[in-house]
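To start, the structure under review is shown below, and the notes come after it.
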Amino acid sequence: MTDVQRRETVVRRVEHVVPASQPWGATRRDVELAIHLAQKELGEDRAHNDDSVRLFPGDDEIVIRYETEESAP
């Protein structure tokens with residue numbers, strides 16, 4: 001008989017959005033603040049991993065994103 005296991009993971013995506021409308025764009029201070037907030041939310045164990053926080057350019061915003069995984073109940 002075959003053994004079968006079921007695993008389910010919930011991925012939560014958190015985004016901090018920094019407005020960057022033209023012609024001025026976003027300030028370095030605002031982008032750094034959003035990165036700092038994301039790292040603080042992640043906690044010390046994940047905050048300083050190179051790939052824990054990602055930046056995505058938008059048409060008029062910069063999105064700072066991280067994801068967490070949780071086992072489903």
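- Other cluster members for L33: L37, joined by side-chain heavy-atom distances under 4.5 Å among Ile, Leu, Val, Met, Phe, Trp and Tyr.
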With a cut-off of 3.5 Å and sequence neighbours excluded, list every side-chain donor-acceptor pair involving residues 22-32.
unit_1, atom_1, unit_2, atom_2, d
T27, OG1, D30, N, 3.1
T27, OG1, D30, OD2, 3.1
R28, NE, E32, OE2, 3.2

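- To the nearest 0.5 Å, atom NE2 of residue H16 and atom NE2 of residue H36 are 10.5 Å apart.
- Between S52 and Y66 the shortest heavy-atom distance is O-CB, 3.2 Å.
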Contacts table for residues 56-65: side-chain donor-acceptor under 3.5 angstrom, sequence neighbours left out:
unit_1, atom_1, unit_2, atom_2, d
R65, NE, E15, OE2, 2.9
R65, NH2, E15, OE2, 2.9

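- With rounding to the nearest 0.5 Å, the separation of CD1 in I35 from NZ in K40 is 15.5 Å.
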